[in-house]
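All remarks here apply to the structure that follows.
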There are 2 protein chains.
Amino acid sequence: MANTEQLVAQRLTESGIRYSTGRRAVIEALSAADGPRSAAELHRDLAEAVPLSSLYRSLSVLTDADVVTMHHGSKGVTRYELSEWLTGHHHHLVCLSCGTVDDITPPPDLEADLESVVISLTVSGRFSPKGHALEIEGFCSECA
Amino acid sequence: MANTEQLVAQRLTESGIRYSTGRRAVIEALSAADGPRSAAELHRDLAEAVPLSSLYRSLSVLTDADVVTMHHGSKGVTRYELSEWLTGHHHHLVCLSCGTVDDITPPPDLEADLESVVISLTVSGRFSPKGHALEIEGFCSECA
DNA sequence: AACGAGAATAGGAATCATTATCATTATGCA
DNA sequence: TGCATAATGATAATGATTCCTATTCTCGTT
């Protein structure tokens, strides 16, 4: 997706944030991933290009700019992925064994079902929903 | 729920694990809570009764025995609550502002809808689902 | 093209939650 | 009662993440 690059560049420019090479490397690594990645995993890929402290700072900046979204996974590690306005709305398959998280995008009819459940659950009015996340926990093909 | 006590005692005995006073204190604190609590929060309540290191070990033992379930929340803190076979299956309303997590139990028809969505999403067979968690993100009545 | 102000980086130190260690104490059973 | 084992608690260690500070880079201005 060369398109992602442009959208990110535009968003950062609007926010007065520079799209430096380090940050570009982070965005590229996240674009290449098929699910949320931890800082450690990203650092493994980017090792020389981006030192760990800079990686964390870049993720923080990108998260503030809403280009990247953080998720909280097992063993206290935080995982990051491109925000849904870049990737499209999706849910997660979480492996109970190895902790890997993969994205899954439901077909429109299932997504509609989910949304109607969310709405039904919050009609009472005490809580105003802004979004939802379905996490399906189980075992990935590797850990079967 | 004096009943919880007995169920927990039974489960631990079956597993050959002692239901010590420290562990009992942890279970009581979790029973009294109306949502998932972090180790730090629990320690605030139990301060003198259970030192932090013992608290963590108790939570670990109880989690292994499947009496307690851990959830991963914001800022790398883990929250613990009684497992669903003690509390009933439920989902979470997560406030984007204050971070509070409330339990919500869907009526049977909505829960059935959820389950059928999960099954439809995983029929391809690459991933074997063991459970699911729906998190509805939004703003609680306090933070409106 | 050089300048200067603010932004960004690198690397290490510091912090926070959590886990491991180990000597001591308590428990249940023969 | 006495022993084998489980549990405890104080402390040290770990690991992820954040903070700090000096240096480097970028961009707009001249």
Side-chain angles (χ1 to χ4, degrees), chain A residues 8-30 36-65 67-81 98-101, chain B residues 8-29 36-65 67-81 99:
Chain A
V8 171
Q10 181 182 342
R11 164 66 63 103
L12 292 184
T13 300
E14 282 168 3
S15 306
I17 296 169
R18 293 186 192 151
Y19 196 15
S20 63
T21 49
R23 291 170 185 172
R24 196 177 306 264
V26 172
I27 293 296
E28 279 167 9
L30 288 175
R37 295 288 176 261
S38 69
E41 287 164 349
L42 291 171
H43 186 241
R44 210 172 300 136
D45 300 346
L46 303 170
E48 319 209 344
V50 183
L52 196 51
S53 68
S54 300
L55 174 57
Y56 272 110
R57 202 161 17 71
S58 291
L59 287 170
S60 166
V61 167
L62 294 169
T63 299
D64 286 349
V67 165
V68 164
T69 301
M70 45 190 277
H71 301 277
H72 304 286
S74 58
K75 241 195 62 181
V77 297
T78 304
R79 288 166 190 282
Y80 303 82
E81 70 180 343
C98 64
T100 298
V101 183
Chain B
V8 171
Q10 181 182 341
R11 164 65 64 100
L12 292 184
T13 301
E14 283 169 3
S15 307
I17 296 169
R18 292 184 194 154
Y19 197 16
S20 63
T21 50
R23 291 167 186 173
R24 196 177 304 264
V26 172
I27 293 296
E28 278 168 9
R37 291 292 171 86
S38 68
E41 287 163 350
L42 291 171
H43 185 242
R44 212 171 297 138
D45 299 345
L46 303 171
E48 317 208 346
V50 182
L52 195 52
S53 68
S54 300
L55 173 57
Y56 272 111
R57 200 155 21 70
S58 292
L59 287 170
S60 165
V61 167
L62 294 169
T63 299
D64 287 349
V67 166
V68 165
T69 301
M70 43 192 276
H71 300 278
H72 305 286
S74 58
K75 245 194 59 179
V77 296
T78 304
R79 283 166 208 287
Y80 303 82
E81 68 181 344

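Below, chains carry the letters A, B, ... as their sequence lines are ordered, and counting in each starts from 1. Because only heavy atoms are used, hydrogens play no part in the values below, and waters and symmetry mates are left out as well, while side chains stay in.
- Applying the side-chain contact (heavy atoms from CB on, under 4.5 Å) criterion to B/Ser38, with sequence neighbours excluded, gives B/Ala40, B/Glu41, B/Arg79.
- For B/Arg24, the side chain to side chain donor-acceptor pair (under 3.5 Å) partners two or more places apart in sequence, or in a different chain, are B/Glu5.
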Close N or O pairs between protein and nucleotides 13-18 of chain D (under 3.5 Å):
{"unit_1": "D/dT17", "atom_1": "OP1", "unit_2": "A/Thr78", "atom_2": "N", "d": "2.7"}
{"unit_1": "D/dT17", "atom_1": "OP1", "unit_2": "A/Thr78", "atom_2": "OG1", "d": "3.1"}
{"unit_1": "D/dT17", "atom_1": "OP2", "unit_2": "A/Tyr56", "atom_2": "OH", "d": "2.3"}
{"unit_1": "D/dT17", "atom_1": "O5'", "unit_2": "A/Tyr56", "atom_2": "OH", "d": "3.2"}

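- Between the CG atom of A/Asp45 and the CZ atom of A/Arg37 there is a distance of 8.5 Å, given to the nearest 0.5 Å.
- With sequence neighbours left out, the side chain to side chain donor-acceptor pair (under 3.5 Å) criterion links A/Ser20 to no other residue.
- Atom NE2 of residue B/His43 and atom CG of residue B/Leu52 lie 5.0 Å apart, to the nearest 0.5 angstrom.
- Against DNA chain D, the stretch residues 8-22 of chain B makes heavy-atom approaches under 4.0 Å through B/Ile17, B/Arg18, B/Ser20.
- For A/Arg11, the side chain to side chain donor-acceptor pair (under 3.5 Å) criterion is met by no residue, not counting sequence neighbours.
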Can you name the atoms? Protein N/O to nucleotides 22-24 of chain D N/O, anything below 3.5 Å, with the distance.
none

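- Not counting sequence neighbours, A/Thr78 has no partner by the side chain to side chain donor-acceptor pair (under 3.5 Å) test.
- Side-chain contact check for A/Ile17 versus A/Arg23: some heavy-atom pair is nearer than 4.5 Å.
- Applying the ring-ring contact (aromatic ring centres under 6.0 Å, His included) criterion to A/His71, with sequence neighbours excluded, gives A/His92.
- Rounding to the nearest 0.5 Å places CD of B/Glu81 at 6.5 Å from OG1 of B/Thr69.
- Once you apply a 4.0 Å limit to the heavy atoms of chain B, the touched nucleotides of DNA chain C run 5' to 3' over C/dA17 to C/dT27.
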Return a table of donor-acceptor pairs under 3.5 angstrom between the side chains of residues 54-62 of chain A and protein atoms on other chains or two or more places apart.
{"unit_1": "A/Ser54", "atom_1": "OG", "unit_2": "A/Arg57", "atom_2": "NH2", "d": "3.4"}
{"unit_1": "A/Ser58", "atom_1": "OG", "unit_2": "A/Ser54", "atom_2": "O", "d": "3.1"}

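- Summarising the geometry of A/Val50 relative to A/Ala25, their closest heavy-atom pair is CG2-CB, 4.1 Å, with the distance given to 0.1 Å.
- A 4.5 Å side-chain heavy-atom check between B/Val26 and B/Tyr80 finds every atom pair outside the cut-off.
- Rounded to 10°, the helix from C/dA1-D/dT30 to C/dA30-D/dT1 has 20° between the axis fitted to its first five pairs and the one fitted to its last five.
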